[in-house]
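To start, the structure under review is shown below, and the notes come after it.
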Amino acid sequence: MEKSSGKKNTAILISGRGSNLRSLIKYAKKKKSLIRIVLVVSDNFSAKGLNYANKSKINNIVLKYSNRESFENRLLKSLKINNVDLICLAGFMKILSGSFIKKFKNPILNIHPSLLPKYKGLNTHNRAIQNKDKYSGATVHIVNKKLDSGKIILQKKVKILKSDSEKSLEKKVLKIEHKIYPKAIIKLLASD
Ligand code: GAR
């Protein structure tokens with residue numbers, strides 16, 4: 001499927017708002033982008049992000065998450081049908097199993113709202129503020145079987161001000177997330 005263009009067939013997995021999906025769609029539309037988004041998958045029927053996929057006429061599906069094994073089997077089938085070379089998790093809030101990662105074989109990227117290895121898991125902004133950290137940030141990393149622990153591809157810092165709340169910090173971090181995700185994809189694929 002249009003492999004001659006050199007673009008990687010990419011699936012984006014979301015669970016909610018989809019602002020990172022929106023930034024990746026914007027990047028994918030550029031002539032020189034290295035990816036073609038062939039599939040958007042949500043585990044949540046009411047994910048707002050699905051609207052971005054629909055607006056850009058990108059093939060999208062919702063896979064109900066009743067249990068991990070069944071979800072991952074259906075996901076693997078869809079990835080195969082769509083010849084997916086790269087998965088980008090963009091606010092996808094379920095944990096993929098080691099067995100899924102092994103079966104998929106191609107790279108899986110994730111974006112996380114902290115300066116990993118600090119603050120794996122949830123509530124990252126709150127934890128950074130509570131600990132009086134001077135900086136927070138975002139990280140794009142390869143997904144492996146340990147939560148938020150795979151090889152870091154790109155990371156960018158933001159300053160935490162005394163006046164920052166969890167909400168204002170989230171907003172600042174999100175802004176840099178939208179910048180670094182496309183850059184991390186370029187970095188990963190350029191080394192291919
Ligand atoms: C983003 O901040 C992303 O880094 C985070 O969820 C948000 C999704 O926003 N992901 C995680 O916490 C994954 N553990 P979005 O739906 O607007 O892209």
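Whatever order the structure lists ligands and atoms in, that order sets their numbers, starting from 1. If you're wondering where the values come from, they're calculated on a predicted model, not measured in any experiment.
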Greater than 12 external heavy atoms within 6.0 Å of Lys156's NZ = no
query = Considering only the protein, which heavy-atom contact is closest to atom 8 (C) of ligand 1, and what is its distance?
reply = Gly91 CA, 3.6 Å
inquiry  = Please report whether ligand 1 has a polar contact with Gly18, defined as an N or O pair separated by less than 3.5 Å (distance criterion only).
reply    = yes
inquiry  = Can you confirm whether the side chains of His125 and Ser136 place a donor and an acceptor under 3.5 Å from each other?
reply    = no
ask   = Any idea which protein heavy atom is nearest atom 7 (C) of ligand 1, and the distance to it?
value = Arg17 NH2, 4.0 Å
query = Going by heavy atoms, is Leu174 under 4.0 Å from ligand 1?
reply = yes
query = Counting both backbone and side chain atoms, is some N or O of Asp148 under 3.5 Å from an N or O of ligand 1?
reply = no
inquiry  = Do Tyr181 and Tyr27 land in one hydrophobic cluster if side-chain heavy atoms of ILVMFWY residues count as linked below 4.5 Å?
reply    = yes
remark   = Ranking Glu177, Lys48, His178 by closest non-hydrogen atom to atom 1 (C) of ligand 1, top hit is Glu177
ask   = Which residue holds the protein heavy atom closest to atom 10 (N) of ligand 1, what is that atom called, and what is the gap in Å?
value = Ile111 O, 3.7 Å
Atom 14 (N) of ligand 1: nearest protein contact (heavy atom, Å) = His112 ND1, 3.7 Å
request  = May I ask you to establish whether Lys64 and Phe45 are in a cation-pi arrangement, using a distance under 6.0 Å from NZ or CZ to the six-membered ring centre and at most 45° from the ring axis?
outcome  = no
key: Ser46 side chain to Asn44 side chain, donor-acceptor N/O pair below 3.5 angstrom   = yes
Side chain proximity check, Asn126 to Leu169, heavy atoms < 4.5 angstrom = no
request  = Considering heavy atoms of the protein only, find what lies nearest to atom 5 (C) of ligand 1 and give residue, atom and distance to 0.1 Å.
outcome  = Pro113 CD, 3.8 Å
query = Hey, which atoms in ligand 1 end up nearer than 4.0 Å to a heavy atom of Ser19?
reply = 15 (P), 16 (O), 17 (O), 18 (O)
message = Regarding ligand 1, does Asn110 bring an N or O atom to under 3.5 Å of one of the ligand's N or O atoms?
response = no
key: Beyond-backbone contact of Ile61 with Leu63, side-chain heavy atoms, under 4.5 angstrom   = yes
key: Any Ile58 side-chain heavy atom under 4.5 Å of Ile12 side chain   = no
query = Does Met93 reach ligand 1, in the sense of a heavy atom lying below 4.0 Å from it?
reply = yes
key: Within-4.5 Å side-chain heavy-atom neighbours: Phe104 and Ile87   = yes
query = Can a non-hydrogen atom of Gly49 be found less than 4.0 Å from any atom of ligand 1?
reply = no
